[in-house]
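Have a look at the structure below before the remarks.
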Protein chains: 2
Amino acid sequence: MRLSTKGRYAVTAMLDLALNGKNGPVTLAEISENQGISLSYLEQLFAALRNKDLVRGVRGPGGGYYLGKSADEISIANIICAVDEWVEFTRCGGRQNCSGGARCLTHTLWDDLSSEIFNFLANISLGDLVRRNLGKKEEEESPLSVVGDSNSQAA
Amino acid sequence: MRLSTKGRYAVTAMLDLALNGKNGPVTLAEISENQGISLSYLEQLFAALRNKDLVRGVRGPGGGYYLGKSADEISIANIICAVDEWVEFTRCGGRQNCSGGARCLTHTLWDDLSSEIFNFLANISLGDLVRRNLGKKEEEESPLSVVGDSNSQAA
DNA sequence: GTATTACCTAGTAATTCACTTGGTAATTAG
DNA sequence: CTAATTACCAAGTGAATTACTAGGTAATAC
């Protein structure tokens with residue numbers, strides 16, 4: 001597993017899309033403005049996200065991006081793997097050169113941990129994140145503010 | 001949260017230490033040999049680990065490293081934070097320049113997710129990892145064989 | 001004293017990060 | 001049809017990070 005600032009940018013952008021894309025596509029220019037990420041970097045990230053069918057682009061005026069599936073079907077692990085390329089952690093290169101003992105054991109331990117982290121992130125969806133936070137907001141403060149309504153919560 | 005190959009090296013080395021350090025200190029030369037990590041890179045990692053009291057060095061012949069506390073008191077998050085410096089993810093720089101709406105909301109969402117990942121890793125100790133794997137080994141195969149083949153999951 | 005170990009500093013090639021520049025292709029509005 | 005708008009694409013870049021090498025010093029055991 002790999003979790004870098006690049007993954008954070010991708011998750012942040014996807015969150016923005018999930019929040020603002022409910023009625024119509026969202027342009028990268030908007031996300032760039034909202035989140036303070038350069039447009040061209042977003043283009044690169046979204047190329048990767050598109051390859052994994054996590055987003056769908058529409059060209060021309062009025063175009064932009066939709067989520068490729070429902071927010072509940074997109075896990076955080078999906079997003080991070082799409083942009084971070086999931087470098088397969090050495091795992092002894094097929095057990096050939098692995099000196100038999102301590103090395104392979106720690107590799108196994110690491111692999112186990114690694115898949116636990118992956119499963120953890122695979123069980124959190126974009127939809128979860130959004131709902132969880134909106135719920136919290138409504139508990140903590142007045143339900144009217146900022147996000148309760150159907151349309152643009154960009155404020 | 002940040003989870004890079006550097007963190008993996010650190011966790012791997014700490015696992016090696018936990019496994020082999022039960023009777024006497026372990027030298028970095030041994031870990032370097034066992035895990036295929038360069039000696040000098042290990043020195044750098046262990047400098048960071050030592051700063052956080054996760055390991056304790058003993059100089060001179062017969063010296064090496066001990067765990068700084070019991071394996072149960074050392075979490076994976078501790079290790080990763082020690083070497084990866086935990087870059088506090090922008091979080092709007094105190095909410096000044098954060099344009100009030102969507103940006104701050106996604107930052108909050110990310111921060112929540114980030115602390116969830118942290119808590120997850122904070123709840124796994126070195127001791128957990130070792131015990132879990134040894135237990136599994138004993139179930140799956142004969143307790144004698146040091147390290148076998150078996151599982152290759154993790155994707 | 002000498003060997004062994006931790007401990008420290010500086011440098012480095014390769015890679016990654018986040019971005020800039022400068023395009024092309026599809027679609028809509030006029 | 002033309003012009004504007006958007007996605008899409010490719011190449012390059014400075015800065016940072018990675019994993020390592022080289023060359024030390026300091027403490028300790030024998």
Side-chain angles (χ1 to χ4, degrees), chain A residues 1-13 17 20-21 24-33 35-68 80 82-90, chain B residues 2-13 17 20-21 24-33 35-68 80-90:
Chain A
M1 193 65 208
R2 183 129 169 257
L3 184 47
S4 65
T5 52
K6 193 175 178 183
R8 169 185 165 266
Y9 275 107
V11 172
T12 301
L17 194 49
N20 297 324
V26 182
T27 67
L28 291 188
E30 287 174 279
I31 299 180
S32 171
E33 173 99 5
Q35 304 303 327
I37 308 171
S38 97
L39 180 59
S40 235
Y41 195 43
L42 277 176
E43 287 178 344
Q44 288 173 41
L45 295 177
F46 273 69
L49 294 170
R50 192 161 37 78
N51 284 337
K52 296 285 168 56
D53 291 319
L54 299 180
V55 297
R56 188 164 44 87
V58 176
R59 298 198 204 188
Y65 278 97
Y66 292 97
L67 291 181
I80 291 174
V83 300
D84 263 338
E85 219 49 75
W86 190 276
V87 207
E88 180 71 24
F89 275 141
T90 49
Chain B
R2 183 131 167 256
L3 184 48
S4 64
T5 51
K6 193 176 179 185
R8 169 185 165 266
Y9 276 108
V11 171
T12 301
L17 194 49
N20 298 324
V26 181
T27 67
L28 290 188
E30 288 174 279
I31 299 179
S32 171
E33 174 99 6
Q35 304 302 328
I37 308 171
S38 95
L39 180 58
S40 233
Y41 195 42
L42 277 176
E43 287 178 345
Q44 288 173 41
L45 296 177
F46 273 69
L49 294 170
R50 192 161 36 78
N51 284 337
K52 296 284 169 58
D53 292 319
L54 299 181
V55 297
R56 188 165 42 87
V58 177
R59 296 197 206 191
Y65 278 97
Y66 292 98
L67 290 181
I80 291 173
C81 288
V83 300
D84 261 340
E85 220 48 79
W86 189 274
V87 207
E88 179 70 24
F89 275 142
T90 49

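Basis for what follows: all heavy atoms, side chains included, without hydrogens, waters or symmetry-related copies. Owing to the predicted nature of the structure, the values given are computational and were not obtained by experimental measurement. Letters A, B, ... mirror the listed sequences (proteins, then strands); counts begin at 1.
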Practice item. Indicate, with a heavy-atom threshold strictly under 4.0 Å, whether B:Leu28 touches base, sugar-phosphate, or nothing. Key: sugar-phosphate

Practice item. Counting heavy atoms from C-beta on, name the nucleotide in D:dT18, D:dC8, C:dC8 closest to the side chain of A:Arg50. Key: D:dC8

Review point. Can you tell me if the side-chain N/O atoms of A:Ser4 get under 4.0 Å from OP1 or OP2 in C:dT16?
Key: no

Review point. D:dA7, C:dC17, D:dA19: which one has an atom nearest the side-chain heavy atoms of B:Tyr9?
Key: D:dA19

Point to revise | Rounded distance (nearest 0.5 Å) linking atom CG of B:Leu39 with atom CD of B:Gln44 | key: 10.5 Å

Revision key, fill the gap. Checking C:dC17, D:dA27, D:dC20 against the side chain of B:Arg59 (C-beta onward), the nearest is D:dA27

Study note, to complete from the structure: On DNA chain C, more 5' by nearest nucleotide between B:Gly60 and A:Pro61 is B:Gly60

Practice item. Specify the residues of residues 41-49 of chain A, ordered by number, for which at least one heavy atom lies under 4.0 angstrom from an atom of DNA chain C. Key: A:Tyr41, A:Gln44

Practice item. Could you name each residue pair satisfying ring pair (Phe, Tyr, Trp, His ring centres under 6.0 Å) that touches residues 47-67 of chain B, not counting sequence neighbours? Key: B:Phe46-B:Tyr65

Practice item. Please report the shortest heavy-atom distance between B:Ile80 and B:Val11, naming the atom on each side. Key: CG1-CG2, 4.1 Å

Point to revise | Five-pair end axes of the helix from C:dG1-D:dC30 to C:dG30-D:dC1, angle between them (10°) | key: 10°

**Study point:** Distance, nearest 0.5 Å, that separates OG1 of A:Thr12 from CG of A:Leu45
**Key:** 10.0 Å

**Study point:** Nearest-neighbour nucleotide for the B:Asp84 side chain, D:dT18, C:dC17, D:dA26 considered
**Key:** D:dT18

Exercise for review: Please evaluate the base of C:dA18 for a donor-acceptor partner in the side chain of A:Ser40 within a cut-off of under 3.5 Å?
Suggested key: no

Review point. Within the modelled atom types, does a donor on one side and an acceptor on the other bring the side chain of A:Thr27 and the base of D:dT5 under 3.5 Å apart?
Key: no

Review point. Once you round to the nearest 0.5 Å, how far does CG of A:Leu17 lie from OG1 of A:Thr27?
Key: 10.5 Å

